[in-house]
Amino acid sequence: MKSLMKISMIAAITLAFTLTSCNKANDATAPNLTKEVVGTYAGTLTTNNLKGTSPATADITSVNDYTIEVHCYGEDIDTTFMLELYDDGDMMRVCFTDEDFYNEYGHNMSEDHHMMGGSGSWTNWSQHMSKEHGENDQHYGYFDMNDGRFDYTFKIETGGTTYTQEFSGSRE
């Protein structure tokens with residue numbers, strides 16, 4: 001009986017070690033998408049496509065390998081929110097996280113929404129769109145990796161009125 005217990009304990013330890021090793025190997029192969037976009041973007045904010053614009057800045061910081069925090073501020077704006085990143089060739093596309101995702105699209109993202117398979121491969125933009133979104137779902141921003149630009153459209157709702165503010169900025 002003691003032999004059976006020892007064998008069971010050794011098997012459990014081996015299994016735990018194997019699972020931990022696999023997870024660490026997956027983490028090591030997963031890309032850090034945020035390192036491509038973190039920084040300060042100086043630009044302008046345009047309200048509903050008016051000819052006049054105001055200066056604005058977006059500070060992008062990393063939350064984890066695929067989530068960023070955006071702090072956009074200027075004369076006409078001061079807001080902070082989080083976005084998830086998805087590789088799309090020369091673009092890094094963004095999508096809402098958690099409650100913001102639910103509030104915009106009416107459902108939660110799947111549990112494993114950023115991982116594809118068990119080899120540490122990340123979900124790209126087309127996979128994200130087909131897995132998490134409907135045909136008419138709208139997205140509000142992106143990073144142009146060739147030009148070092150961040151563009152984002154804010155939907156503003158105040159007192160029953162809805163309008164947009166468009167930030168466009170270059171990485172400093």
Side-chain angles (χ1 to χ4, degrees), residues 23-47 53-134 136-157 162-172:
N23 284 342
K24 286 183 180 177
N26 286 347
D27 290 345
T29 61
N32 181 344
L33 301 178
T34 61
K35 72 179 179 180
E36 303 293 325
V37 299
V38 165
T40 299
Y41 294 77
T44 57
L45 190 69
T46 305
T47 303
T53 60
S54 62
T57 302
D59 290 327
I60 311 298
T61 56
S62 176
V63 175
N64 59 36
D65 286 350
Y66 57 86
T67 306
I68 57 171
E69 181 178 88
V70 178
H71 178 206
C72 190
Y73 55 95
E75 295 173 13
D76 299 325
I77 195 168
D78 190 354
T79 187
T80 302
F81 56 100
M82 292 194 319
L83 296 168
E84 289 194 353
L85 300 170
Y86 297 89
D87 185 29
D88 189 22
D90 293 336
M91 308 293 268
M92 190 71 73
R93 304 285 181 172
V94 296
C95 190
F96 292 120
T97 62
D98 305 324
E99 286 181 31
D100 291 335
F101 184 92
Y102 181 84
N103 291 338
E104 180 68 23
Y105 305 114
H107 64 91
N108 290 315
M109 274 198 256
S110 61
E111 188 95 7
D112 62 344
H113 66 274
H114 233 294
M115 292 296 290
M116 292 297 293
S119 64
S121 61
W122 291 93
T123 301
N124 67 29
W125 182 247
S126 62
Q127 292 164 333
H128 169 74
M129 290 300 290
S130 67
K131 187 176 180 182
E132 304 294 343
H133 288 286
N136 296 320
D137 285 357
Q138 186 174 3
H139 287 81
Y140 300 95
Y142 60 89
F143 291 88
D144 182 327
M145 303 311 288
N146 288 329
D147 295 336
R149 297 193 58 74
F150 175 53
D151 291 298
Y152 194 84
T153 301
F154 297 94
K155 235 176 34 176
I156 311 294
E157 297 178 20
T162 301
Y163 62 96
T164 61
Q165 290 186 310
E166 296 178 23
F167 173 82
S168 183
S170 296
R171 194 175 191 179
E172 293 184 332

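Predicted model, so just to flag it, every value in this text is computed and none were measured. All values below were derived from every heavy atom in this structure, side-chain atoms included, with hydrogens, water molecules and symmetry-related copies excluded.
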Exercise. What residues form a ring pair (Phe, Tyr, Trp, His ring centres under 6.0 Å) with F154, not counting sequence neighbours?
Worked result: F81, Y152

Nearest 0.5 Å, what's the [atom1]-[atom2] distance between [X] and [Y]?
| X | Y | atom1 | atom2 | value |
| --- | --- | --- | --- | --- |
| T40 | E172 | OG1 | CD | 5.5 Å |
| S170 | D147 | OG | CG | 8.0 Å |
| N64 | E69 | CG | CD | 12.0 Å |
| F96 | E84 | CZ | CD | 12.0 Å |

In the structure I gave you, are the side-chain heavy atoms of [X] and [Y] within less than 4.5 Å of one another anywhere?
| X | Y | value |
| --- | --- | --- |
| Q165 | I156 | yes |
| M92 | L33 | yes |
| T57 | Y41 | no |
| T53 | E166 | no |

For this session: Would you check, one step at a time, whether the test side chain to side chain contact (heavy atoms under 4.5 Å, CB included) holds for L85 with F143?
Result: CA-CA 9 Å; L85 300 170; F143 291 88; 4.0 Å; yes

For this session: I would like to know whether V94 and H139 meet side chain to side chain contact (heavy atoms under 4.5 Å, CB included); could you show each step before the answer?
Result: CA-CA 7 Å; V94 296; H139 287 81; over 6 Å; no

Exercise. Could you go step by step and tell me if V37 and I68 meet the side chain to side chain contact (heavy atoms under 4.5 Å, CB included) rule?
Worked result: CA-CA 9 Å; V37 299; I68 57 171; 4.0 Å; yes

Problem set entry | Donor-acceptor contact below 3.5 Å, side chain R171 vs main chain A42 | no

For this session: Look at the side chain of D88 and the backbone N and O of M91, then say whether any donor-acceptor pair between them is shorter than 3.5 Å.
Result: no

State, to 0.1 Å, how close [X] and [Y] come at their nearest heavy-atom pair, and which atoms those are.
| X | Y | result |
| --- | --- | --- |
| F150 | I60 | CE2-CD1, 4.1 Å |
| F167 | C72 | CD1-SG, 3.9 Å |
| D76 | S54 | OD2-OG, 2.9 Å |

Exercise. Does the side chain to side chain contact (heavy atoms under 4.5 Å, CB included) test come out yes or no for L45 and E75, once each step is laid out?
Worked result: CA-CA 9 Å; L45 190 69; E75 295 173 13; over 6 Å; no

Seminar exercise, completed: Given the options T80, D59, T79, Y73 meets side-chain hydrogen bond (donor to acceptor under 3.5 Å, both in side chains) only with D59

Problem set entry | Test side-chain hydrogen bond (donor to acceptor under 3.5 Å, both in side chains) applied to S168 - qualifying residues, sequence neighbours left out | R149, D151

